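Being a predicted model, the structure only gives us computed values, none of them experimental. Throughout, numbering of the chain's residues begins at 1 and tracks the sequence.
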Amino acid sequence: SGSGLYGHARSTIQMLLQTALGKPRTLGHFCIVSGCFCILAGLIFIIVAWSSVNARKATLYESVYQAMFIDSSWDEEYAAWSQSDRQLYLACLADEDRLDAECTDGAQKVVGIFNVTNPESVVLTGAKPILQEVGPVISKVYHEKLDVDTAYWDENGIAKYRLSETHRLDGACSAECQALLDAEVVVPNPVWAFLVRTGMAEAFVIAQYFGSVGLVAQGNTNLIVSILISPEGLDLQAYEEARAFILGVVWPVGLQDHWSAIGNLRAFLECAARTDRQCIMGGQPIGASRAGAIAAKLYDKMPEVWQMLVTHHAEAYGDIGYGAPVFIKAKVREVLAFNGSSIVDPFLGQEIKFPGLLDSTDEVGMERYLQMASAFAANGTSFVVKHKGGSKDCRIDQDCWPTGGLSELDAAPGNCTETFYCQPQHFGHYAGEALSFPGRVWGRPGRSIATWSIGELVPVLLFGMPHEFTLVAEAEQTVEGDALRYFDLRLNKISRRLENCGADAALGAPGIDCGGAAGTSALSWRHSGMPLYASTPFFSRSAVQDTNSTYEIATDAYDPLSRVTLRHCNDSGWCFNGESYYSAHIHVEPETGLAFEVRASTQLNVRIGERSIRLHNLLADATVPVFWYSTHQVSATKSQRQLADLQGVPGNITVIVVVLNIMGAFSICCGFAALGIGFLKVAAMLKSSQVVPMRSPSLTSLTAVVPVTCGKTPPESNDWNAEPPLPDTLGPTFHRVPTGQRKQGGGRDVDVRRWQYGIDA
């Protein structure tokens, strides 16, 4: 329809569109054009904000999520993972875009050694051991993964490999530090402590008596028999008794099978102490009464033999008098087992290798298994499921030991069946050397695999030992002016096995830490039964969060600090600031799960005087430190700054999206305002100049009607065809085209000149 309200509206819209497409010559026209542009720009801002900028968040979240996992050996991250610490460092140095200071050269390992200053008085009078800390020795520790089974990884998403650990002196180790390696210190002797713990110390000394008899007789059996049955000997009453000891002790000693001879003697002495049964020696039965008499004679021989042993081996033990063999003097490099060095016990010729700076390589068959794939979600970021070839370690529970004892588990630590009594250590820990944990990914649904919360417990495997860390805070540090947020994980407690400390036979064997010093964890199951214990450096309580569980005192246990006197070093600058070296913490970037700083500290101790023996009846039970060390690895400043920048990316994207939306909304509002102003201006202009829209559907222009006096020319022009003057209110933006029409009006002819007006494009 071309008439009515609809026709009027349609004509008006056509007029405005035509006006908008013309060349603007007034403020109103400019406002209309500007308004259209602002609305269009605002829409573009909003569309870009949500379709492009905000979409980058999803891309970021996906990238961070994928970087937490290595699904197969084909992944880009595998190449870096498989390289050794040293290879990564050298590759970093070769990168021209990196400064040397931005490259991480392995982990720093600082070691403090303890020197026992009163060994003889400890043994002879029961004095407390006084230990002076010396050091430090500053080294680097490097890890290398060997024999990575890529086929197994590709199929199962699990890294299977062996690990090699090597040590070198750090560049920070001064000439004084290097000279310290050749200094001598007195430390507790774990071999003798093992003999005391197992009841073999006295048997060992008595075995030396039989060894001397064999040497005197030069292997002549008849002569040996005559010596043993003589009153000056053991006063044995029959050839059969002498033959029993020849078979059970003399011959094994002569064949250098000392452990068999000591074991046979220990069993005989323990049996003889009971007086209610016959005893066996060398396969021969000996009556209870005779066994007791023979045992008494053997004990009578001990002081003489002991004096001979101590005198003969005094120099080998370091000339520490009667402090030997409870203590032994050795060089620092030997105590730390640095660069292949070790201590050798003079009595038994057994090598002692404390795990200080000891280089080690997993044996074939003792591989480590780490879940690395996204299929395992939170348990797929370097999560240990097998260690030393097994998913569990049976050595930690005596109820899991085979009939042959602990040594039978050395080749296969996980070879046991779990029962009510046998409770082995199961592996399900994050690998301490991997520095990778589940990331929060800014809480993105489907990508956030960690719901970290304060107080949460995190299992971590450090030094091959299970540790329990706890999240104490979400903290913040400044990196080159930028804030870096991190999760602060602290060592929660020292894990201890304290089951059945009351020794209820119905519950099996007592836990390995029952009777041990509070705050210590037994390591004997890892070191062939030697009474080694781990603790925090200087037995520091501040190094753990859960002091109640760590320092719980079980039956017959004691506070280790009550049995020793520890003196801090005073010859190095950091000695007085050593408390920071005693802690164990991990700083984890929350979103990626990457640990950018790890410090792990421990102290190795030897328990002496665990059992009272005739030779050392005044020696007190004490847990004596050998050394402590702190391993520290921290990412370069540039890497930390990149993590800080990454944390700010989602926030920056959100800011950009908000700004673009505000700009878009503001632009659209301004555009509509400009359109409104423009339409009002144009409407006012048309009204003041009598410009009206024609009601013809085909009208595409504006028409001005100028009446003329009949028979007269317009006053403005002498030419009838001349263009009439344009009202000033229309402005210069209109052009005019004559139509040449006439019209009847009011009963008379009226000459009319019609002029069409339009907006220039």
Side-chain angles (χ1 to χ4, degrees), residues 57-58 60-70 77 370-385 426-462 466-479 482-495 543-547 549-550 583-600 632-635 639-654:
K57 275 189 181 181
L60 171 68
Y61 297 151
E62 186 64 23
S63 298
V64 170
Y65 176 78
Q66 293 298 333
M68 286 190 288
F69 308 102
I70 307 178
E77 294 83 1
L370 270 62
Q371 291 180 168
M372 304 292 292
S374 56
F376 302 110
N379 291 339
T381 56
S382 301
F383 192 75
V384 180
V385 290
H426 288 274
F427 294 108
H429 303 72
Y430 294 100
E433 73 272 8
L435 309 182
S436 181
F437 296 86
R440 188 169 59 182
V441 198
W442 295 274
R444 176 73 171 182
R447 289 296 177 259
S448 179
I449 59 174
T451 55
W452 295 87
S453 58
I454 303 300
E456 182 173 348
L457 300 179
V458 182
V460 180
L461 196 69
L462 287 172
H467 288 71
E468 181 180 270
F469 281 73
T470 182
L471 174 58
V472 299
E474 183 170 356
E476 184 178 288
Q477 69 181 45
T478 301
V479 182
D482 293 330
L484 173 59
R485 292 177 289 103
Y486 64 90
F487 287 142
D488 188 3
L489 301 179
R490 299 276 174 170
L491 180 64
N492 189 50
K493 66 179 182 181
I494 301 290
S495 298
V544 296
Q545 303 300 309
D546 185 357
T547 56
S549 297
T550 299
S583 66
H585 65 257
I586 304 175
H587 291 170
V588 181
E589 196 287 314
E591 316 307 339
T592 62
L594 292 175
F596 60 87
E597 181 176 359
V598 175
R599 182 181 292 280
H632 185 221
Q633 186 165 8
V634 58
S635 300
S639 299
Q640 294 185 42
R641 188 177 65 248
Q642 291 173 340
L643 288 176
D645 293 341
L646 180 65
Q647 288 180 348
V649 170
N652 294 338
I653 292 176
T654 299

Quiz item: Is a side-chain N or O of Glu591 found less than 3.5 angstrom from the main chain of Trp442, in a donor-acceptor match?
Solution: yes
Practice problem: Kindly say whether Ile494 contributes a backbone atom to a donor-acceptor pair with the side chain of Thr550 at under 3.5 angstrom? | Solution: yes
Practice problem: Would you name the heavy atoms of Ala483 and Ala644 that are closest together and state the gap between them? | Solution: O-CB, 3.5 Å
Quiz item: Is there a side-chain contact between Val634 and His632, using heavy atoms and a 4.5 Å cut-off?
Solution: yes
Quiz item: About how many Å separate CG of Leu489 and NE2 of His585, when rounded to the nearest 0.5 Å?
Solution: 10.0 Å
Exercise. Go through the steps to decide whether Met68 and Thr592 satisfy the test side-chain contact (heavy atoms from CB on, under 4.5 Å), and finish with yes or no.
Key: CA-CA 7 Å; Met68 286 190 288; Thr592 62; 5.5 Å; no
Quiz item: Are side-chain heavy atoms of Gln642 and Leu646 found at a separation under 4.5 Å?
Solution: no
Quiz item: Could you walk me through whether Val385 and Leu370 pass the side-chain contact (heavy atoms from CB on, under 4.5 Å) check?
Solution: CA-CA 6 Å; Val385 290; Leu370 270 62; over 6 Å; no
Self-check item: Pair Gln371-Asn379, side-chain contact (heavy atoms from CB on, under 4.5 Å): steps then yes or no
Solution: CA-CA 7 Å; Gln371 291 180 168; Asn379 291 339; 3.7 Å; yes
Quiz item: When rounded to the nearest 0.5 angstrom, what is the spacing between CD1 in Ile586 and CD in Gln633?
Solution: 11.5 Å
Exercise. Describe, in one word, how the ring planes of Phe469 and His467 are oriented to each other, choosing from parallel (under 30°), tilted (30 to 60°) and perpendicular (over 60°).
Key: tilted
Quiz item: Any side-chain heavy atom of Phe383 within less than 4.5 Å of one from Phe427?
Solution: no
Quiz item: Which is it for Arg440 and Glu474 under the salt bridge (charged side-chain N to carboxylate O under 4.0 Å, His left out) test, yes or no, and what are the steps along the way?
Solution: CA-CA 13 Å; Arg440 188 169 59 182; Glu474 183 170 356; 3.2 Å; yes
Practice problem: Assess the side chains of Lys493 and Thr470: does a donor N or O sit below 3.5 Å from an acceptor N or O? | Solution: no
Practice problem: Enter the distance from Leu461:CG to Tyr430:OH here, rounded to the nearest 0.5 Å. | Solution: 13.0 Å
Quiz item: Is there a donor-acceptor contact under 3.5 Å linking the side chains of Glu468 and Asn492?
Solution: yes
Exercise. Output the distance between atom NE2 (His587) and atom CG (Leu643), rounded to the nearest 0.5 Å.
Key: 13.5 Å
Quiz item: Just how far is it from atom OH of Tyr486 to atom CD of Gln477, taken to the nearest 0.5 Å?
Solution: 5.5 Å
Quiz item: Which value, rounded to the nearest 0.5 Å, describes the distance between Phe487 atom CZ and Glu456 atom CD?
Solution: 8.5 Å
Quiz prompt | Side chains of Gln647 and Glu589, donor plus acceptor under 3.5 Å | solution = yes
Quiz item: At their closest point, which heavy atom of Leu462 faces which heavy atom of Gly432, and how far apart are they?
Solution: CD2-CA, 3.6 Å
Quiz item: Counting only N and O atoms by type, is there a donor-acceptor contact under 3.5 Å from the side chain of Trp452 to the main-chain atoms of Leu471?
Solution: no
Quiz prompt | Under 3.5 Å side-chain donor-acceptor pair for Glu597 and Gln640 | solution = no
Quiz item: What's the verdict on side-chain contact (heavy atoms from CB on, under 4.5 Å) for Ser382 and Phe437, showing C-alpha distance, side-chain angles and the deciding distance?
Solution: CA-CA 7 Å; Ser382 301; Phe437 296 86; over 6 Å; no
